[in-house]
Amino acid sequence: MDSYDVFTIVHPPYFKFLDGHLDSIKHSLGERTNKVYLLSTQTEKSDQSKLESIVSGSKIDVTLESTPEKSTIGSSRNRIFRKGNSDWAVFLDADIMVNGDYFENLEGCIEKYGKHASGLAGGIGTSDSSRFGLYEGAMDLRVYLRNLNISREEFEYLNQRLNFQDLALGNEIEFYRRAREALKGYEGQSTTAFQGFNQIIKREDLEGLGGFDERFWSAEDRELGLRFNREGKKIVFTPSIWVNHDYNFNLGDILRRKKIHGVWYGELRRKFPEEEKLQMGARRWGRNFMRSFNPPEPFRGIDGRVYFTLAFLTYMSSSILSQKLGLAKIDSSSGGWTYGRDK
């Protein structure tokens, strides 16, 4: 079977998640001896002892590198990726926990789809979500699933099966339990996008495309997916390879997150003007703007409408300005991924 290594990037505010993250990897790996690489950026000497204590306490063999430098997400992923030599690279974020059967299912998917696929897009859930974090997780899942190569009618049918209303009622665990069941039928479906905190990529194809775009602080996963699509490389949706992401975001965190996403998705539109699905003309923006007053499920309650309207308008305005004015700069999001959640 093809080999795989695990790669995680972190910075000091995310150290609080490392214990759980590494423990989940250890539990899921079991007796496997696959290599785990950890890159810690923006890490001063004063942070080093805490980092080393967390890693040594994890009881897992981790190859650790730390640097005081600030670097984009794309640059950091390339830097850590070059340390491995496996057939496949598993890219995770420090604020996620992998499911207990993650690596078992990963191996099954590599064996089943690896010969013809260049990338595997894993399943995404949330955990410990705040009042508004529940809605942010629902939105991220909807957007992720919209990239599946299925019809609009099939997409709407899938959303009905997912029963997003469970999330609106705060039943996060039950919602994602049912979601995993519903998504089993889409295992092996082709998709056009990765989700950065759970993406599995064939090494030779990533190297062949020159790695991640090192200018990108955000949307580096979407940018890579677009290049994969352009080169005819196949991305397969594999929801059985499941992770849960900490979404304990307050509303201010979410709006800052949307602003950053909007800026860098605006940059994507500048880089890929030929991608019709990315482009937002006046008519399409107007149609989307009107949706903010009539949102889909589960955003129709009071909290859902507050979230949907503010998040959508923040994302839309920052994306338009970025596309028109070129606001995305390499140093513009430095430190941007630190939230109230992380303090």
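What you see is a predicted model, and the numbers here were worked out from it, not measured in a lab.
- Relative orientation of the Y247 and F197 rings is perpendicular, given thresholds of 30° and 60° on the angle between their planes.
- Using a 4.5 Å heavy-atom cutoff, the side chains of Y307 and R131 are not in contact.
- Residues passing the side-chain hydrogen bond (donor to acceptor under 3.5 Å, both in side chains) test with N229, sequence neighbours excluded: none.
- Among residues two or more places apart in sequence or in another chain, the ring pair (Phe, Tyr, Trp, His ring centres under 6.0 Å) test is passed with F15 by none.
- Partner of E220 under the salt bridge (Lys or Arg N to Asp or Glu O under 4.0 Å) criterion, out of K271, R215, R77: R77 alone.
- Between F228 and F194, the ring planes lie perpendicular to each other; the angle is over 60°, past the 30° to 60° tilted range.
- With a 4.5 Å cut-off on side-chain heavy atoms, S129 and E136 do not count as touching.
- At a threshold of 4.0 Å, the pair R270-E267 counts as salt-bridged, since one of the basic side-chain nitrogens sits closer than that to a carboxylate oxygen.
- For the pair R79 and F7, the NZ or CZ position fails the cation-pi test of under 6.0 Å to the six-membered ring centre and within 45 degrees of the ring normal.
- E154 and Y186 are linked by a side-chain donor-acceptor pair at a separation below 3.5 angstrom, with hydrogens and angles left out of the test.
- Scanning for ring pair (Phe, Tyr, Trp, His ring centres under 6.0 Å) contacts around F132 gives an empty result, with sequence neighbours left out.
- In this structure, F17 and Y14 have perpendicular ring planes: the angle between them is above 60°, well past the 30° mark.
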